[in-house]
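Heads up, the thing below is written out as structure tokens.
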Amino acid sequence: MQSFEIDKSDVLKVKNAILAGDETLKVVLEEYHASEIAILFERLDKSEQRHIINLLPAEIASEIISEMDEESHPEDLLFELHPDKRTEIVEELDYDDATDIISQLEDHEQKEILEDLTEDHASEIRNLLTYDEKTAGGLMNTELICVNINLTKKDAIDEIIRQSEEMEEFYTIYVVDDEEIFKGIVSLKDIIKAKHNAKITELVKEDAVYVHPDTDQEEVANLISQYNLTSIPVINEHQKLLGRVTFDDVIDVMEAESTEDILKISGVSEDEELSGNWVEAVKSRLPWLIINLGTAFLASSVVRYFDPTIKLIPSLAAYMTIIAGMGGNAATQALAVTVRRISLYDLTDKQAYRTVLKEFTVGLINGASNGLIVFIFAFFFDGNPMLGLVIFLAMTGNLIIAGITGAGIPLILKRVGIDPAIASSIIITTFTDVFGFLLILGLASKLLL
């Protein structure tokens, strides 16, 4: 089965079905999965979205809203529905999904929705709303299967059946003692295979990996990935079980974190929505471009200083752009790899040193290789071997600087508590431009004049 992509024919089919009437629309919607309808919503206006949501049963409507992209603002669609329909949908949602959507609304809008819910639903969502959305507490779902460690196999199975009636799916069974203290996990397979008189205390795995509610979402994702877990329990400071974070939530986290890093490395604020308008894009990018403009003036001051050298050897102007451009590309490569390493691992001092040393070596080899190519070009095209030597040395030196700064700057920023992705690109571009111009023009002044 291939992943669903928006097609004009699909959008047109749904729009025509809306015009044709509810019976036709129902038939057309049956052709699509809820997640596919959520994608189609990106091309439908709000009135068309509301029409479809109101037509569908709450179970399917809730799934569509939970699958909608954040930038499509499912919270606005939910709030605009009739209170009765809205309540049905929220109570069909998992607590974590309901919290994610409701948290995007204004306080008075949240209050209005919560007041219409049953006390149990409202209480669970209010509790989850107290956690930062980018932590384990903000990701967790409080719906889980939990059994007492002293139960027998038969009693445990009965308890699992009772608790699972209100759950769509579960992956792991959590074990607690009489004081509700978390003791570990047990798989349904182990319970079923155990002897008739077995007790949960004999089957529980006490060395289970867990997180606290304030654990950063990226760390949660790393743990689930590292230990190949389907879910991970969330435990408070008293070792009491609060909820679980499932792998499907982690997939969303990893996508969000990767997008955030890509945007930051490119000098784009994480506040800019990918589908946002030009006003939002300008507000997000202009400050960084102004900062970059300031660093560009610094690089241009180096060129101005060596203006007499350029007048005497005009061909240097062409090679300057090559040296600076190659340095910028090499630094971006080193930066991307290093930022990704930082996001995946907590690098020790030794690992950080090896990272910089590796990029130094890569810069040396790549710089010498590219420098040799340009040397040969300058030798034959300009007929000046000394010019070729200057360019070779400048290329090699600038790519070494690119490797060191591309790896070293984000590591230093991380050490002092600054986000390495958001500030590194501007700093390393300044280094490669300034030193690229300084190397070629400085060496030319010494060796060619």
Side-chain angles (χ1 to χ4, degrees), residues 94-97 99-100 124 127-128 131-255 257 343-346 348:
D94 288 338
Y95 289 133
D96 57 335
D97 292 331
T99 304
D100 289 341
E124 292 286 356
N127 179 51
L128 291 175
Y131 297 107
D132 188 305
E133 64 179 350
K134 292 191 175 183
T135 64
L139 289 173
M140 73 177 178
N141 190 348
T142 54
E143 293 179 299
L144 46 78
I145 304 292
C146 180
V147 298
N148 189 284
I149 195 169
N150 298 313
L151 292 181
T152 62
K153 170 183 175 176
K154 179 182 180 305
D155 291 338
I157 291 177
D158 290 342
E159 185 64 20
I160 292 169
I161 292 172
R162 184 187 68 79
Q163 293 184 33
S164 64
E165 288 181 1
E166 298 298 322
M167 294 183 61
E168 289 188 10
E169 54 190 0
F170 60 93
Y171 315 102
T172 306
I173 298 159
Y174 301 101
V175 181
V176 298
D177 63 13
D178 295 334
E179 303 298 323
E180 299 297 321
I181 301 298
F182 177 70
K183 306 305 292 184
I185 63 173
V186 62
S187 70
L188 184 59
K189 177 182 176 181
D190 287 343
I191 294 177
I192 293 172
K193 290 177 63 179
K195 294 179 180 179
H196 182 72
N197 59 350
K199 288 189 174 184
I200 296 299
T201 186
E202 302 167 14
L203 306 174
V204 64
K205 297 176 182 177
E206 297 182 346
D207 59 345
V209 180
Y210 61 84
V211 294
H212 294 293
D214 58 352
T215 303
D216 185 84
Q217 62 176 8
E218 197 166 2
E219 176 64 19
V220 177
N222 290 339
L223 287 170
I224 287 182
S225 175
Q226 180 179 348
Y227 292 98
N228 297 316
L229 304 174
T230 54
S231 65
I232 191 168
V234 183
I235 313 297
N236 69 11
E237 67 273 18
H238 303 299
Q239 293 300 105
K240 291 194 174 183
L241 183 62
L242 299 177
R244 58 174 179 149
V245 178
T246 54
F247 71 91
D248 56 324
D249 293 316
V250 165
I251 291 174
D252 295 335
V253 167
M254 294 174 74
E255 179 182 344
E257 291 288 345
S343 67
L344 291 175
Y345 314 106
D346 187 13
T348 63

Separation of Asp249 CG from Ile224 CD1 (nearest 0.5 Å): 8.0 Å
Where Ala208 and Gly184 come nearest, the two heavy atoms and their spacing: CB-CA, 4.4 Å
side-chain contact (heavy atoms from CB on, under 4.5 Å) partners of Lys189, counting only residues at least two apart: Ser187, Lys193
Smallest separation among heavy atoms of Pro213 and Leu242, with atom names: CG-CD1, 3.8 Å
Under 3.5 Å side-chain donor-acceptor pair for Ser225 and Asn222: no
Min side-chain heavy-atom separation Ile191-Ile160 under 4.5 Å: yes
Set of side-chain contact (heavy atoms from CB on, under 4.5 Å) partners for Thr172, sequence neighbours left out: Tyr174, Ile185, Thr230, Ser231
Partner residues of Tyr95 under the ring-ring contact (aromatic ring centres under 6.0 Å, His included) criterion, sequence neighbours left out: His121
Verdict with reasoning, Val209 to Gln226, per side-chain contact (heavy atoms from CB on, under 4.5 Å): CA-CA 11 Å; Val209 180; Gln226 180 179 348; over 6 Å; no
Nearest-0.5 Å distance, CD1 of residue Ile200 to CG of residue Asp177: 14.0 Å
SB check Glu159 Arg162 (cutoff 4.0 Å): yes
Qualifying residues under side-chain hydrogen bond (donor to acceptor under 3.5 Å, both in side chains), relative to Thr99, sequence neighbours excluded: none
Residue pairs passing the ring-ring contact (aromatic ring centres under 6.0 Å, His included) test where at least one lies in residues 220-252, sequence neighbours excluded: Tyr171-Phe247
Listed partners of Tyr210 passing ring-ring contact (aromatic ring centres under 6.0 Å, His included), at least two apart: His212
Pairs touching residues 229-245 that satisfy salt bridge (charged side-chain N to carboxylate O under 4.0 Å, His left out), sequence neighbours left out: none
Non-neighbouring partners of Asn228 that pass side-chain hydrogen bond (donor to acceptor under 3.5 Å, both in side chains), sequence neighbours left out: none
Contacts of Glu180 that satisfy side-chain hydrogen bond (donor to acceptor under 3.5 Å, both in side chains) - sequence neighbours left out: none
Value rounded to 0.5 Å, distance of CD in Glu133 from CD in Gln217: 8.0 Å
Derivation and outcome, side-chain contact (heavy atoms from CB on, under 4.5 Å), residues Asp132 and Asp214: CA-CA 8 Å; Asp132 188 305; Asp214 58 352; over 6 Å; no
Scan the side chains in residues 136-155 for donor-acceptor partners under 3.5 Å anywhere in the protein, sequence neighbours excluded, and list what turns up.
from, atom 1, to, atom 2, distance (Å)
Asn141, OD1, Glu143, N, 3.1
Asn141, ND2, Asp96, OD1, 3.4
Thr142, OG1, Glu124, OE1, 3.0
Asn148, OD1, Asn150, N, 2.8
Asn148, OD1, Asn150, ND2, 3.3
Asn148, ND2, Asp178, OD1, 2.9
Thr152, OG1, Asp155, N, 3.3
Thr152, OG1, Asp155, OD2, 3.3
Lys153, NZ, Ile192, O, 2.9
Lys153, NZ, Ala194, O, 2.7
Lys154, NZ, Asp158, OD2, 3.2

